[in-house]
Amino acid sequence: MTVPGGHRQQQRGGPRALITEPVRPKVPLRRLLRVASVACGIQFGWALQLSLLTPYVQELGIPHAWSSIIWLCGPLSGLLVQPLVGHLSDRSNNRFGRRRPFIVAGATSIIIAVLIIGFSADIGGLLGDCADRRPRAVGTFVVGFWLLDVANNMTQGPCRALLADLTEKDPRRTRVANAYFSLFMAVGNVLGFATGAYSGWFQIFWFTITSSCSVNCANLKSAFLIDIIFIAITTYISITAAQELPLSPSSRSSHISEEMLETTHAEEAFLWELFGTFRYLSWSIWIILFVTALTWIGWFPFLLFDTDWMGREIYGGKPNEGQNYSTGVRMGAFGLMLNSVILGITSVLMEKLCRKWGAGFVWGLSNILMSLCFLSMLILSGVVKNMDFLGHDLPPSGVVIAALIVFAVLGIPLAITYSVPYALISTRIESLGLGQGLSMGVLNLAIVIPQVIVSLGSGPWDQLFGGGNSPSLAVAAVAAFASGLVAILAIRRSSADKSRVHT
């Protein structure tokens with residue numbers, strides 16, 4: 001059976017010869033560690049986005065039922081942007097390398113986006129917003145928010161594809177590189193959530209308070225200014241460590257006659273190649289994609305409403321009504337910081353766990369644990385509601401501690417989700433002859449399509465049952481449990497799970 005990119009022969013008048021690259025020695029693991037460090041800067045901003053922006057957009061005046069629509073750009077941009085960037089980077093012959101120019105462009109776009117988000121209230125004030133109605137600030141915020149989602153998707157795909165390129169198709173080195181990536185994501189999460197949990201940034205960055213930007217707004221603005229520093233430093237460390245080689249001169253010259261054709265039909269070729277690969281996927285790859293989709297149906301409601309759940313259902317507060325909501329949001333950010341600490345520890349231990357039990361079993365077990373955590377959140381919401389808690393006082397310390405423990409334990413399955421699916425798909429899809437950028441795009445479709453469904457449905461679904469976040473969390477618990485069972489029963493352990501890494 002002919003598969004895309006498999007054993008092509010160079011023929012006169014044929015569309016393209018097989019792309020070859022210089023043979024390189026194995027990249028030392030310490031250099032892979034430096035390359036993966038860019039995940040720290042990316043995730044720092046993502047942590048701020050997860051912990052602060054859903055509450056902030058409600059403070060700007062968007063109702064809770066519609067706040068999830070703001071997040072719709074993330075999966076929509078991921079549906080096209082990340083696969084397209086992966087496709088283009090697979091074929092790039094830029095003298096700086098295939099992946100690094102896209103990483104730099106994505107990091108620059110992130111910096112622009114966070115500046116727009118941080119100063120959205122000030123821009124709205126300059127354009128004529130008043131204190132009780134801020135449509136221009138909301139519009140500016142949405143533009144920045146959507147640009148940030150596009151930039152994140154532009155950056156993350158090439159980052160993971162670069163690691164896959166440098167590991168030279170070695171399954172266990174690929175898992176180690178993805179574990180490094182997950183570890184730096186954990187570090188970025190810890191720093192980002194700690195930054196979001198601190199309420200005194202406006203005193204350090206005193207200039208952030210303006211007539212249009214109150215204390216909460218100034219804290220958010222200050223946090224994103226810190227994010228700019230982190231993304232600049234980590235991007236520099238990563239791209240200088242990669243030492244990525246461009247395509248060989250012979251490969252580059254063989255494509256000169258095709259450049260006009262590729263430029264004209266780039267999008268059509270990309271879409272045809274992306275969706276055309278599905279007919280060549282094996283049963284094992286379809287299982288991985290199915291488990292990934294169910295996993296993200298489980299994760300996205302939590303990632304969307306985690307700090308909002310803490311502020312509303314544990315602290316009993318509402319946006320712009322008293323201090324309980326903002327106190328709960330900061331406590332939720334602290335819980336996510338604990339989550340990231342556990343995520344980092346799990347990332348270090350992940351390779352040994354996968355080697356001992358198999359990646360599919362570890363993934364499935366972690367998803368069942370995730371389901372139990374979501375069930376615990378539903379129980380805590382019910383306990384607080386039965387206390388007839390009115391939000392005027394702080395909740396009992398036992399309830400808060402229990403909620404923080406649940407947030408922390410969720411770091412274990414989150415570390416698995418950030419690493420194992422990417423390693424599984426990159427090793428199993430190699431036989432199809434696909435570039436690593438496009439293979440990451442195929443997996444990304446299984447992530448973003450469930451996110452689109454959750455973004456469109458979670459707000460109205462919650463309103464259907466009287467508001468709050470519990471209905472979405474119930475769906476998340478069921479999806480996580482189902483994905484765990486499928487992973488345990490259907491993903492077979494490969495012989496590569498027992499192989500050893502040689503530096």
Q. Are any non-hydrogen side-chain atoms of Phe145 and Leu148 less than 4.5 angstrom apart?
A. no
Q) So how far is it from Ser238 OG to Leu162 CG, rounded to the nearest 0.5 Å? A) 6.5 Å
Q | Over all atoms of both residues, closest heavy-atom pair of Ala177 and Leu32 | A | CB-CD1, 4.3 Å
(Q) For Ile239, is there any backbone N or O sitting under 3.5 Å from a side-chain donor or acceptor partner on Arg100? (A) yes
Q. Given Leu485 and Asn367, is the side chain to side chain contact (heavy atoms under 4.5 Å, CB included) satisfied, shown in steps?
A. CA-CA 8 Å; Leu485 289 180; Asn367 282 6; over 6 Å; no
Q | For the student: nearest non-hydrogen atoms of Met337 and Val190, plus distance | A | CG-O, 3.5 Å
Q. Counting only N and O atoms by type, is there a donor-acceptor contact under 3.5 Å from the side chain of Thr210 to the main-chain atoms of Cys213?
A. yes
Q: Could you tell me which non-hydrogen atom of Ser366 sits nearest to which non-hydrogen atom of Pro413, and how far apart they are?
A: O-CB, 3.2 Å
Q) Of the non-hydrogen atoms in Ser199 and Asn219, which two are nearest, and what is the gap between them? A) O-ND2, 3.0 Å
Q | Nearest heavy-atom neighbours spanning Gly328 and Tyr315 | A | CA-CD1, 3.5 Å
Q. Would you say Pro395 and Val384 make side-chain contact, with heavy atoms under 4.5 Å?
A. no
Q.
Tell me every residue that passes side-chain hydrogen bond (donor to acceptor under 3.5 Å, both in side chains) with Thr417, counting only those two or more places apart in sequence or in another chain.
A. Trp299
Q: Would you mind reporting whether Leu336 and Thr307 have side-chain heavy atoms less than 4.5 Å apart?
A: yes
Q) Under 30°, 30 to 60°, or over 60°: which ring-plane class applies to Phe205 and Phe207, parallel, tilted or perpendicular? A) perpendicular
**Q.** pair Thr208-Leu225: side-chain heavy atoms closer than 4.5 Å
**A.** yes
Q) Just by distance, do the side chain of Thr235 and the backbone of Ile231 share a donor-acceptor pair under 3.5 Å? A) yes
(Q) Taking disulfide (SG to SG under 2.5 Å) as the definition, give me every residue that meets it alongside Cys40, ordered by chain and number, with sequence neighbours left out. (A) none
Q | pair Val38-Gln43: side-chain heavy atoms closer than 4.5 Å | A | no
Q.
Run Ser381 and Trp309 through side chain to side chain donor-acceptor pair (under 3.5 Å) and show every step you take.
A. CA-CA 9 Å; Ser381 297; Trp309 174 82; 2.8 Å; yes
Q) Only one of Leu33, Asn189, Thr234 forms a side-chain contact (heavy atoms from CB on, under 4.5 Å) with Phe184, so which one is it? A) Leu33
Q.
If you apply the rule side chain to side chain contact (heavy atoms under 4.5 Å, CB included), what do you find for Phe407 with Leu338, and how did you get there?
A. CA-CA 7 Å; Phe407 273 43; Leu338 298 178; over 6 Å; no
Q | Whether over 12 other heavy atoms sit under 6.0 Å from Phe202 CZ | A | yes
Q) Taking atom types as modelled and ignoring hydrogens, do the side chains of Asp308 and Tyr325 form a donor-acceptor contact shorter than 3.5 angstrom? A) yes
Q. Going through the distances and angles, do Phe181 and Leu163 end up as a side chain to side chain contact (heavy atoms under 4.5 Å, CB included)?
A. CA-CA 9 Å; Phe181 196 87; Leu163 288 174; 3.6 Å; yes
Q: Test side chain to side chain donor-acceptor pair (under 3.5 Å) on Ser212 and Asp122 and set out the steps.
A: CA-CA 5 Å; Ser212 300; Asp122 298 304; 4.9 Å; no
Q: Nearest 0.5 Å please: distance from the CG atom of Leu353 over to the CD1 atom of Ile416.
A: 6.5 Å
Q) Just wondering, do Leu303 and Trp296 contact through their side chains at under 4.5 Å, heavy atoms? A) yes
Q. Can you list the residues that meet the side-chain contact (heavy atoms from CB on, under 4.5 Å) rule with Tyr236, with sequence neighbours excluded?
A. Thr240
Q: Report the residues that fulfil side-chain hydrogen bond (donor to acceptor under 3.5 Å, both in side chains) with Asp306, sequence neighbours left out, ordered by chain and then residue number.
A: none
**Q.** Ile488/Trp363 under side chain to side chain contact (heavy atoms under 4.5 Å, CB included): CA gap, chis, key distance, verdict
**A.** CA-CA 8 Å; Ile488 291 173; Trp363 188 12; over 6 Å; no
Q: Please report the shortest heavy-atom distance between Val329 and Ser51, naming the atom on each side.
A: CG1-O, 3.7 Å
Q) Of all residues at least two apart in sequence or in a different chain, which pass the ring pair (Phe, Tyr, Trp, His ring centres under 6.0 Å) check with Tyr56? A) Phe141
Q. Heavy-atom distance under 4.5 Å between the side chains of Phe305 and Arg312, does that happen here?
A. no
**Q.** Sub-4.5 Å side-chain heavy-atom contact between Asp227 and Leu48
**A.** yes
Q: Identify, with sequence neighbours excluded, every residue that meets ring pair (Phe, Tyr, Trp, His ring centres under 6.0 Å) alongside Phe230.
A: Phe44
